[in-house]
Participant: 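Have a look at this one.
For ligands, and for the atoms within them, numbers begin at 1 and follow the listed sequence. Residues take their numbers from the sequence shown, with the count starting at 1.
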Amino acid sequence: MTDMMEDYSMAKKKQKAKAKSKSAAKKPARKVARAAAKPAAKKTSAKPAVKKANGNGAYPKPSSKPFGMDGKALQGVRILDFTHVQSGPTCTQLLAWFGADVIKVERPGVGDITRGQLVDVKGADSLYFTMLNHNKRSITIDSKHPQGKRVLDELIKKCDVLVENFAPGALDRMGLTWEHIHKLNPRMIVASVKGFGPGPYEDCKVYENVAQCTGGSASTTGFRDGPPLVTGAQIGDSGTGLHLALGIVTALYQRTRTGRGQKVLCAMQDGVLNLARVKLRDQQRLKHGPLTEYSQYGEGIPFGDATPRAGNDSGGGQPGRILKCKGAPEDPNAYIYFITQAPVWGEICDVIGEPGWKTDPEFATPKARLPKLNQIFARIEEWTMTKTKFEAMEILNKFDIPCGPILSMKELAEDQSLRKTGTVVEVDHPTRGKYLSVGNPIKLSDSISEVKRSPLLGEHTDEILSDVLGFKAAEIADIKNSGALSAPEKKEKAA
Ligand code: COA
């Protein structure tokens, strides 16, 4: 069973067969024989095993198993994972967490380049690799070797989705053009991450920070009087991987209706711009006057013709800043984000000890406050500096004053509630031992994610050749001896 459609039609067949054998069991043997001789078309009274849902398709009866006990969301979907580094692996890891069988194809002897990047434990796959490749199987194939091509063609026939994030043109140079793939398997979805979509830069190789810079994030991040900044969150790589995962499941859904695959393309520039869309909103607002929620408005600094960098101003139109708490600046993370949201202005005044500001016309309205934001936040900071970020959070939350402590990676790693939800998980690995990873951030109530360690290079090569492709031991040995799957000197004897 390699894809959802097959899974589903098999389930339907099984249901029908079950219904048939049930009714047969109730009838005496003679009647059963007669019934079997009758043409099936005359049997009109049997209830359909599935009901029409909304005109778009038919669904099986709701499962009677408890939620979380009826398999995984993407069970039956097989992914040919040609991804490397971060963007593509983020996508296929998510699909694996949802139950897809992800077969990661890696170059013999080398593998995904990240296996050996930023190595912290000598001889073990790096955290860079392990944290992006959970729940996958690894097979090594030289995609340019004739025997390797043969194995790949067989895998294409057995998979539902091919995911890749090679440099532009690399897949075609391997001979894996859309036409070739589509001919072998018309149901195959071919999903790609590229740096740019069609246009002047389409042939460029792209990494995270390039995408942040070309997607509008860097120009709008940082302080007005400083250079553009990139963010710590990998919105270019992991962000685009997320976009691609949505594209893939959407294409899988469409395939249940059309029966055919399609190409899915996510350009990193597009993904970043999508995440920076509020800044494109502000770009257009500029035509109609200054952006009043930006600090520079209150400070009387004129706007240029492009969305400026806004420091730590809140993007939602309510003035917000990062303020020092007890322990700052010695503790680099003793800060809290504080939003002076208009509906709770009265509560803010009471908490910080300025009840008079509630009625003082100089402070009482959002408009009056805009030119005085520096003064207001300085006063609020006097108060936050008397509390730790967690004490401040506790007090402010009682009054629904929007705020959030600046959490360090150390604090996140130690956070017990994130452990309980599986957002931070401890994983055991045969060569590196225990390490922390980020689990599946998307929680489904009927498809529970378990995080399994990343595969060693080529760990599942034999298993995939025999179980997925049905090759016999002698064939496997032949292919291996050809040098297509491993270093040529590692010859194996036919069993
Ligand atoms: N067997 C044989 N050859 C293989 C192989 C395999 N299993 N896997 C990869 N290769 C080859 C490719 O065919 C390619 O050869 P070619 O240049 O002769 O066509 C070569 O390895 C290098 O692949 P490439 O993707 O160009 O890697 P790179 O290290 O030069 O570039 C990126 C890395 C990330 C910059 C580039 O892949 C890219 O721009 N990807 C799209 C955008 C992206 O995802 N960027 C973010 C990464 S986190």
Participant: Show me which atoms of ligand 1 lie under 4.0 Å from any heavy atom of Met174.
Facilitator: 4 (C), 5 (C), 8 (N), 9 (C), 10 (N), 12 (C), 13 (O)
Participant: Can you name the atoms of ligand 1, numbered from 1 with element, that are less than 4.0 Å from a heavy atom of Asp237?
Facilitator: 46 (C), 47 (C), 48 (S)
Participant: Could you tell me whether Lys194 and ligand 1 have an N or O pair separated by under 3.5 Å?
Facilitator: no
Participant: Can you report which non-hydrogen protein atom sits closest to atom 32 (C) of ligand 1, along with the distance?
Facilitator: Tyr207 OH, 3.9 Å
Participant: Does Ser87 come within less than 4.0 Å of ligand 1, judged by its heavy atoms?
Facilitator: yes
Participant: What protein heavy atom is closest to atom 40 (N) of ligand 1, reported as residue, atom name and distance in Å?
Facilitator: Asn165 O, 2.9 Å
Participant: In plain terms, say whether Lys472 and Glu475 are close enough for a salt bridge, that is, a side-chain N and a carboxylate O under 4.0 Å apart.
Facilitator: no
Participant: List the atom of Val427, the atom of Lys452, and the distance in Å for their closest heavy-atom pair.
Facilitator: CG1-C, 4.5 Å
Participant: Could you work out, for atom 1 (N) of ligand 1, the closest of Gly169, Ser143, Ser192 by heavy-atom distance?
Facilitator: Ser143
Participant: Hey, are Glu164 and Ser192 close enough side-chain-wise for a donor-acceptor pair under 3.5 Å?
Facilitator: yes
Participant: Could you report the tightest heavy-atom contact between Leu162 and Met188, atom names first, then the distance?
Facilitator: N-SD, 3.5 Å
Participant: Mark up the atoms of ligand 1 that fall under 4.0 Å of a heavy atom belonging to Val193, in ascending order.
Facilitator: 41 (C), 44 (O)
Participant: Minimum heavy-atom separation for Tyr337 and Ser314, please, with both atom names.
Facilitator: OH-N, 3.0 Å
Participant: Consider every N or O of Ile141 and every N or O of ligand 1, then say whether any pair is closer than 3.5 Å.
Facilitator: yes
Participant: In terms of atom number and element, which parts of ligand 1 are under 4.0 angstrom from non-hydrogen atoms of Gln86?
Facilitator: 48 (S)
Participant: Give yes or no for whether the N/O distance cutoff of 3.5 Å, strictly under, is met between Val206 and ligand 1.
Facilitator: yes
Participant: Is there at least one pair of N or O atoms, one from Arg173 and one from ligand 1, spaced under 3.5 Å apart?
Facilitator: yes
Participant: With heavy-atom distances below 4.0 Å as the criterion, list the atoms of ligand 1 near Asp142.
Facilitator: 1 (N), 2 (C)
Participant: Contact between His145 and ligand 1, counting heavy atoms under 4.0 Å?
Facilitator: no
Participant: Can you check which of Lys149, Gln234, Glu164, Arg107 brings a heavy atom nearest to atom 22 (C) of ligand 1?
Facilitator: Arg107
Participant: I need the atoms of ligand 1 closer than 4.0 Å to a non-hydrogen atom of Val85, numbered in the order shown.
Facilitator: 47 (C), 48 (S)
Participant: Testing the 3.5 Å rule here: is there a donor-acceptor pair between the side chains of Ser126 and Gln117?
Facilitator: no
Participant: Below 3.5 Å, N or O to N or O, backbone or side chain included: is there any such pair between Gly195 and ligand 1?
Facilitator: no
Participant: Does ligand 1 have any atom sitting under 4.0 Å from a heavy atom of Glu208?
Facilitator: no
Participant: Examine the side chains of Asp237 and Ser87 and answer whether a donor and an acceptor come within less than 3.5 Å of each other.
Facilitator: no
Participant: Name the closest protein heavy atom to atom 15 (O) of ligand 1, giving the residue it belongs to and the distance to 0.1 Å.
Facilitator: Lys144 NZ, 3.0 Å
Participant: Would you mind finding which of Ala167, Gly148, Gly241, Pro89 brings a heavy atom closest to atom 25 (O) of ligand 1?
Facilitator: Ala167
Participant: For Asn165 and Thr83, does a side-chain donor sit closer than 3.5 Å to a side-chain acceptor?
Facilitator: no
Participant: Could you tell me which non-hydrogen atom of Ala267 sits nearest to which non-hydrogen atom of Gly197, and how far apart they are?
Facilitator: CB-N, 3.3 Å
Participant: Which residue and non-hydrogen atom of the protein lie closest to atom 9 (C) of ligand 1, and at what distance in Å?
Facilitator: Phe166 CE2, 3.4 Å
Participant: Minimum distance, heavy atoms only, to atom 30 (O) of ligand 1: which one of His84, Met268, Lys205 is it?
Facilitator: Lys205
Participant: For residues Val193 and Met268, report the shortest heavy-atom separation together with the two atoms involved.
Facilitator: CG1-CG, 3.8 Å
Participant: Assess, by modelled atom type and distance only, whether the side chains of Ser63 and Asp70 contain a donor and an acceptor separated by less than 3.5 Å.
Facilitator: yes
Participant: For the residue pair Asp270 / His243, report whether a side-chain donor-acceptor contact shorter than 3.5 Å exists.
Facilitator: no
Participant: Side chains of Thr92 and Asp81: donor-acceptor distance under 3.5 Å anywhere?
Facilitator: yes
